[in-house]
S.K.: 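Could you have a look at this structure, given as structure tokens, before my questions?
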Amino acid sequence: QVQLVESGGGLVQAGGSLRLSCAASGRTYSIDVVGWFRQAPGKEREFVAAIRRSVGSTNYADSVKGRFTISRDNAKNTVYLQMNSLLPEDTALYYCAATGVYRLGITEAQYDYWGQGTQVTVSS
């Protein structure tokens, strides 16, 4: 089993920045791809970004390209999501997810492990 814990959420003004962290524990050797998803009130959960821990390749949703950067520190078993130029529409509960499959999946079904989420609120 793998446990994921998100942190770093909070309240920020539009145009500001936040860095989310996703710390993995347990059988971390079994996971390769870590992704970030978000869910706004009344909306479905959507893909934000993903990274392959082994090679560092990444994938982003069009809505965050150029503003968000996903990165990893394998020594700390942690994946980060640097969020810049935040917009009110970025307000959501942000989840990290992980899978051992070597594919930068963009759907929830492609991930096996999930964290509890961290709230990001962007005020206008």
S.K.: Closest approach of Thr28 and Val2, non-hydrogen atoms and distance?
M.R.: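 Scanning both residues completely, I find the closest heavy atoms to be N-CG2, 4.4 Å.
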S.K.: Would Arg38 count as a cation-pi partner of Tyr95, with NZ or CZ less than 6.0 Å from the six-membered ring centre and within 45° of the ring normal?
M.R.: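 Here Arg38 fails the 6.0 Å and 45° test against Tyr95.
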S.K.: Are Gln39 and Tyr94 side-chain neighbours, meaning at least one heavy-atom pair lies under 4.5 Å?
M.R.: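 Result no, sub-4.5 Å side-chain heavy-atom pair not found.
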S.K.: Is there any ring pair (Phe, Tyr, Trp, His ring centres under 6.0 Å) pair reaching into residues 20-42, and which pairs are they, with sequence neighbours excluded?
M.R.: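 Every pair satisfying ring pair (Phe, Tyr, Trp, His ring centres under 6.0 Å) with a residue in residues 20-42: Phe37-Phe47, Phe37-Tyr111, Phe37-Trp114.
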S.K.: Would you check if there is a donor-acceptor pair between the side chains of Asn77 and Arg53 at a distance under 3.5 Å?
M.R.: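 Yes, Asn77 and Arg53 have a side-chain donor paired with an acceptor closer than 3.5 Å.
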S.K.: Below 4.5 Å, heavy atoms only, C-beta onward: do Asp32 and Thr99 meet side chain to side chain?
M.R.: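 No, too far: nothing below the 4.5 Å cut-off.
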S.K.: What I want to check is whether the side chains of Thr78 and Asp73 have a donor and an acceptor closer together than 3.5 Å.
M.R.: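 Per modelled atom types, Thr78 and Asp73 side chains form no pair under 3.5 Å.
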S.K.: Which disulfide (SG to SG under 2.5 Å) pairs, counting each pair once, include a residue from residues 68-124, with sequence neighbours left out?
M.R.: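 The answer is Cys22-Cys96.
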S.K.: Hey, does the Lys NZ or Arg CZ of Arg52 hover above the aromatic six-ring of Tyr102, less than 6.0 Å from the centre and inside 45° of the axis?
M.R.: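 The answer is yes; both the distance and angle limits are met.
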S.K.: Which heavy-atom pair separates Leu18 from Leu86 by the least distance, and what is that distance?
M.R.: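 Minimum heavy-atom separation between Leu18 and Leu86: N-CD1, 3.9 Å.
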S.K.: Measuring only between side-chain heavy atoms, which start at C-beta, is Asn84 closer than 4.5 Å to Ser17?
M.R.: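 Yes, close enough: below the 4.5 Å cut-off.
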S.K.: Where do Arg103 and Val33 come nearest, in terms of heavy atoms and distance?
M.R.: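 Answer, listing the atom of Arg103 first, then Val33: O-CG2, 3.3 Å.
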